[in-house]
S.K.: 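I'd like to ask you about the structure that follows.
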Amino acid sequence: MLWQDGTDFAADPAQGPVDFWRGLDQARALLAHDRAATMRMLAACARRTGEDPAMAPGRRHVLERFCQTYGLRPPGEAQAMPMPPSTSLPRRIGTFAAGGEPGISLVTCCRNRNANLIRALPSWLARPLVEIVIVDWTSDTPVADSLASAGITDPRIAVRRVEGEERWILSHAFNLGFRLARCATLLKADADIVLAPGFLDLNPLPEGQFVAGNWRTALPGQEFVNGFFLIARADLAAVNGFNEYVTTYGWDDDDLYHRLLAEGMTRRDVSPGSVRHLDHDDGERVDAPQATGDRPLRQAPIWLTRTNRLIAAAMPTWDHRRELSRFATRGGHGGPVLYRADPPAAVPEPVLSAARRLAAGEVLSWRMGPAVHELPAEAIDRLIDHAPADAVCPLHLDLARAGAPAAAITARRFLVCDLPSPPEAGDETVARLRHMAGERQIVLRIPAGAAMRIAEQSGLPVLPPGPPPAGAVEWSSGKDGGAQILWLRAEVKLPALSLRRERLFIDAQHGLGNRLRAIGSAAAVARATGRELVVVWTSDHHCEARLTDLIRWPGAVEEGARRGRNTCFLNYMEAEPGSAKDAPVVLLPGRDTWVRSAYVLNHPASTWAAENRELRVLIPSPEVAELVAPFPERVDIGLHIRAEGAAGSNLASYDQAGNWTEKGHAQIVHWRRQSGADRFIARLGILLAGEPAARCFLAADQAETYAAFAEAFDDRVLHLPRASFDRSVDQLRHAMADILLLSRARLLLRSNWSSFSEAAMRLSTRIERHETAGIDF
């Protein structure tokens, strides 16, 4: 019996014959520790399927389902040669069918990126794929010809050429490819994606999940793997593939992922290093020939992406009720070709125009503030069509508002001249300025009374008088032709438009509750100020777990990151040299900010409500969710007892006095003394006397506490069993589960000076009242 890769795995002879069902149990137990042993055990199970003809079909089905669930290649009689793709095509391609044959179809599309495709194909052919569907989207040189010239032949390759398309539309091309594919599992890869050896082993596909690239967590330089994904065909068909209202670069993949998550799917990041993106210029992505430095805003990837995001939000949700672009076949040179059978779904012009302008305002406001949104629609349109994407400055806004010609808005270099009095007829001032400007664009600032006449005579853009433009470094005055003028002797240095937002790094410190508090605060500040939030999470003796061990964090996470040279740094950790706890967080334009903290940030946007909104949307990791699942959705009384750390029990490294100032440590020791189990037991006894049917949940940091509650209340107080009480990965997962379960309570009996109790309150939408040990009881 052979696996699909041709390897014969024999069972361990010392074990003797393997019982089929026991073998499956052993394979499942081995999965987390030894994948090779798992495969050997499954091979042994496969040998037993044929011993009883009546049982064989059912057992084979069980084996296949087992392998599909855990992302393993199922055993078969032998490595079968792939079936060649059919040379025929259906006459019309319409709806997206959910069925499919066993195996994986890789789907890619290509428009004039044949060279990248040829570089990537060998890595695909080395994987055990059933077929590789290539949609040739009207490439100038047919893809089939390029493959033949490169000597690439394989019976699994199916090239499907589409003719008559004037521009690249990713959503339409890939939706066609998905429908042409045969298999029940689809792997979507752009023509510039390389699959690493062991890709399938590193990226299993359990039921209800999809694997996707993630620009937030990708390795440096690999952000464009975001559009890569592996998914069950039925799950992709359920959301009707890509959103065909999105017809330009950007947001197509994020829109798809959001809709899949809304359907209850779980997203898993592709294993780092298992896919690689081949470098190429942005111009290839946006289907534009201009070099990056000459591209107007309307061709900047960031603007296209934000426009499509707004279109997707404004249009009806793309689902099975929307009709996919339909294609028909006809005979062509070298075989059948595809062409559009009906006009595609269209976005109404008012929606498109509004999305374009709002996206431009959003992108430009990152550099120039909210005043951009006050520009008239016509001015915004001029900026979109003509302003240089990477060099827009406030002067461009003035020019667009004044109706300046396209040449003025396109210009990258300006000579800005203030004329307190307009030149008289026949004055040579304007001619002299033209000569002095050379290749620079001249912009005149003249009193309004003569602006129209001077504009008509000179053909130059004219603006009303104002302060020197941004970037002016030297102004001089003098007389020329009898007129008093001011001119800019040094060239205006235009600030580049940032194609990424300034970042706010939160270097979260100390234990879990402290870190959640700091992250929630930073997230609120980042959202209010338009910055990208980056969580810096270092595993240490306070918290040995990684953030992803506890939470499915949706944003950027860096472990052990270093600060950049242009980064403002603020340290709130009062026990460390140079710290300034509670210092105001000032976010400087053009510079990243790094805050090292276990506390909330001193910023107007960081409020209790705003911080908690950011924390309450977090999704626990699968391991934490599994711990929480058996418990009731609502609890009447929650109890958190933080007693370790009082005098005599502060032996752990994370409870040592050196972690805080002397005053801070004294406060901790005082409040830990107030959190003894007997105080909580006495208070709970009173509460249960008046509410005997109340459901209670306890979270504590000492085994003795749980034992005392069991003696006092038997099994009336629920708790999450713990094998140890340390800061290991497993115990941090238990701690995260404890916080979530405490947040389900109606009444919380809490320990004071505990960020853990605070975290339960922050995450809760159900706590109506809380009482604090040492104060309220």
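Bear in mind the structure is a predicted one, so any value in this text is a computation, not a measurement.
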S.K.: Strictly under 6.0 Å, is that where the ring centroids of F174 and F229 end up?
M.R.: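 Here the rings of F229 and F174 have centres that are no less than 6.0 Å from each other.
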
S.K.: For R127, look at atom CZ and say whether over 12 heavy atoms of other residues, nucleotides or ligands are found less than 6.0 Å away.
M.R.: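 Yes.
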
S.K.: Kindly say whether the aromatic ring centers of H258 and W251 come within a distance under 6.0 Å.
M.R.: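 Between W251 and H258, which both carry aromatic rings, the centre distance is below 6.0 Å.
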
S.K.: Any salt bridge linking D145 with R161? Criterion: basic side-chain nitrogen under 4.0 Å from a carboxylate oxygen.
M.R.: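 Salt bridge between D145 and R161, a charged N being under 4.0 Å from a carboxylate O: no.
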
S.K.: Indicate whether the side chain of R259 and that of T317 have a donor and an acceptor atom separated by less than 3.5 Å.
M.R.: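 Judged by distance alone, the side chains do not pair up.
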
S.K.: Is the positively charged end of R267 above the ring of F210, judged by distance under 6.0 angstrom from the centroid and angle within 45° of the axis?
M.R.: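 Verdict for F210: no cation-pi partner in R267.
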
S.K.: Indicate whether any N or O donor in one side chain lies under 3.5 Å from an N or O acceptor in the other, for D192 and H277.
M.R.: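 The criterion, which ignores hydrogens and geometry beyond distance, is satisfied for H277 and D192.
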
S.K.: Step by step, would you call F228 with Y257 a ring-ring contact (aromatic ring centres under 6.0 Å, His included)?
M.R.: CA-CA 11 Å; F228 171 92; Y257 300 156; over 10 Å; no

S.K.: In plain terms, say whether E532 and R503 are close enough for a salt bridge, that is, a side-chain N and a carboxylate O under 4.0 Å apart.
M.R.: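 Salt bridge flag = no for R503 with E532.
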
S.K.: Checking side-chain polar atoms at under 3.5 Å, does S539 have a donor or acceptor matched by the opposite partner on E559?
M.R.: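 Side-chain D/A pair, S539 to E559: absent.
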
S.K.: Does any donor atom in the side chain of D252 or S171 lie under 3.5 Å from an acceptor atom in the other side chain?
M.R.: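 No.
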
S.K.: Indicate whether any N or O donor in one side chain lies under 3.5 Å from an N or O acceptor in the other, for S105 and E131.
M.R.: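 Yes, a side-chain donor-acceptor pair sits under 3.5 Å.
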
S.K.: Return the minimal non-hydrogen interatomic distance between Y249 and N308, and the atom names on each side.
M.R.: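 That would be O-ND2, 2.9 Å.
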
S.K.: If the plane angle is over 60° it's perpendicular, under 30° parallel, otherwise tilted; pick one for F242 and F178.
M.R.: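 Parallel: the ring planes of F242 and F178 meet at under 30°.
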
S.K.: So, H172 and R340: side-chain donor and acceptor under 3.5 Å apart, yes or no?
M.R.: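 Yes.
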
S.K.: Please check if any side-chain donor atom of N240 sits under 3.5 Å from a side-chain acceptor atom of D319, or the reverse.
M.R.: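 Short answer, no.
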
S.K.: Should the pair E165-R167 be classified as a salt bridge under the 4.0 Å nitrogen-to-oxygen rule?
M.R.: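 No, this pair does not count.
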
